[in-house]
Amino acid sequence: MKLTGAQMVCESLVKEGVEVIFGILGGALLPLYDTLPHYPKLRHILVRHEQGAAHAAEGYARATGKVGVCLATSGPGASNLVTGIANAHLDSSPMVAITGQVARPFIGKDAFQEIDITGITQPITKHNYLVLDVASIPKTFKEAFHLARTGRPGPILIDLPRDVQIDQAEFHYPSKVNLPSYKPTLEGHPAQIKKAAKLINESQRPIIIAGRGVIISTAYAELKELVEEAQIPVVTTLLGISCFPESHALSYGMIGMHGMAYANFAVDAADLIIAIGMRFDDRATAKVSAFAPHARVIHIDIDPAEIGKNVRVDVPIVGDAKAVLQKLNKQVATGQHLDWVQQLDDWRREHPSLVIRDSQGLLPQYVIRQIYEVTKGEAIIVTGVGQNQMWAAQHYWYDKPNSFISSGGLGTMGFELPAAFGAKIGCPDKTVWCIAGDGGLQMTIQELATIVQEKAAVKIAIMDNGYLGMVRQWQELFYGKRYVATPVTGPDFVKIAEAYGLSALKVERKEDVIPAIKKAMADPGPFLIDFKIEPEENVYPMVPPGAALSEVIEEPRKKAKAATDSAKLSVSNI
């Protein structure tokens, strides 16, 4: 049957199982938006800024495992998606971004609201398309969704000229994709898996570093089987948080710049690193030349470009984490590493990174811990970037799979609110808490209107310290407390929330924290709490820039009584 291009787009989205689209209309997308009401299966959510559309689509994708979809018009609408697309690219999130474009005769002529969005996004998409023939729409969408969700997931952009949306052609949706040059390796090479098993069976001080790839491939059971069969301690990257239950006896938390001191010590002293679905980002490795100096390295990743890019690898295994671990587990012997585990437990006791000190003022660590206690660890936590992100990563304990969503590679302030909204839309029956800083929240605060409009019961906790906190911390520690451009004023967030139609509270005293959280949880709608925390509270532990993982700074006011110098990273004490 003959359909317009706009109808083909809607039919294609339905064929791909799309249920939700986040977007803002504009002139170049009017034909498509005029068609949307005829497709009731497609729920369109009107955001207040295109960046919010992209972040919401990613939050939805990461919470559900489905492909997130966002829409924007040509020119500034398309360019406003760029930050969200880049965020999805670096964090391997499946997304399809659809942009309007000026009519074909005007392309390349600097027409009103024309921009070369395919050129702009080429470095930050897995692939992109400029559709110049209406008949190619079905094939384009079939390929786009296949590329977005398979292999290493990522964002795909489809640019649709306005006249292509109006043209007509026969609609035939392909039953399969034919991309001879795109065949991701899933299974892992048997010889490499055999080498990895041999190293694991022979190692005395092995450590697993688990990343977001475990979550993407849903390899939770396989990872747990490997850990328990071989008795190997586990640490995670920031985006690997919630891939392994943190209450497990062999879980030692997050590594990296603000990772647990004992987790960093473990990586530094290990004789074998088993890296699963992580890319050795600089915030995880710290000084690369000093990373895991005593260790052989096994690296399992679906993207061959990541293997050997940052860290020397002894046994590379290209493949899906779940598929590789299923084969590897069959060859790994039952093991025990009692002395090694005891050493990690000693470090954890001597360097209590998660102990919250007593304070007259309101500590953000205490707030996060109480959110954990009240929610019983059942919530999805979505954070921005900076101190709020690290406190949430450290002090909310994640036992539920895929319960921590944050901006990792790009480090995007403003990600938290729209991404939390997207996660709630995708998982309406789950509790979603947005942990924000007062600086980051103001970057996308207009999405409060979207949350109210859609009646999405997102709970919002602002760690309000009156600073761009993480940069202020660097200025304190490394720039002589010269606070240039980091003090930040803000509105009365309670009044702002109420103006948007949310219930809200301001909390300044420790004794009011738990009642406020309980009130937010009891409210059936969205709820905002402005926590007025200690203005110059820092995130610890911290590895200074340019230092090794072992050169971690611990909070001066709560150092362990044991002599830390002797515990810092010499394998002689193992």
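For clarity, every value in this text was computed on a predicted model and none was experimentally measured.
E11 has no carboxylate O lying under 4.0 Å from a charged side-chain N of K15, or vice versa, which leaves the two without a salt bridge. In this structure, K287 does not pair ionically with E551, as no charged nitrogen and carboxylate oxygen lie closer than 4.0 Å.
Listed here is the closest heavy atom pair of V318 and T185: O-CG2, 3.4 Å. Among all heavy-atom pairs drawn from A305 and K309, the shortest one is O-CB, 3.5 Å.
Between the side chain of N310 and the main chain of R279, a donor-acceptor pair closer than 3.5 Å is present. A donor-acceptor contact shorter than 3.5 Å links the side chain of K322 to the backbone of T218. R62 contributes no side-chain N or O that, together with a main-chain N or O of S93, makes up a donor-acceptor pair within less than 3.5 Å. Using modelled atom types, one side-chain atom of H337 and one backbone atom of A230 make a donor-acceptor pair closer than 3.5 Å. Listed for the T431 side chain is no donor-acceptor partner under 3.5 Å among the backbone atoms of A379. At least one donor-acceptor pair under 3.5 Å links the side chain of D314 to the backbone N or O of V297. Between the side chain of H294 and the backbone N or O of A270, no donor-acceptor pair lies under 3.5 Å.
Tested against H351, the residues Y262, F265, Y540 include a single ring pair (Phe, Tyr, Trp, His ring centres under 6.0 Å) partner, F265. The side-chain contact (heavy atoms from CB on, under 4.5 Å) test with I273 is passed by exactly one of V313, V235, I207, I208: I207.
If you look at F280 and H299, their ring centroids are closer than 6.0 Å.
The stretch residues 144-156 participates, sequence neighbours left out, in these salt bridge (Lys or Arg N to Asp or Glu O under 4.0 Å) pairs: E16-R149, R152-D303, R152-E306. Applying the salt bridge (Lys or Arg N to Asp or Glu O under 4.0 Å) test to residues at least two apart or on different chains, none of the pairs has a partner in residues 239-249. Within the structure, salt bridge (Lys or Arg N to Asp or Glu O under 4.0 Å) pairs that include any residue of residues 383-408 comprise E378-K400 (at least two apart or interchain).
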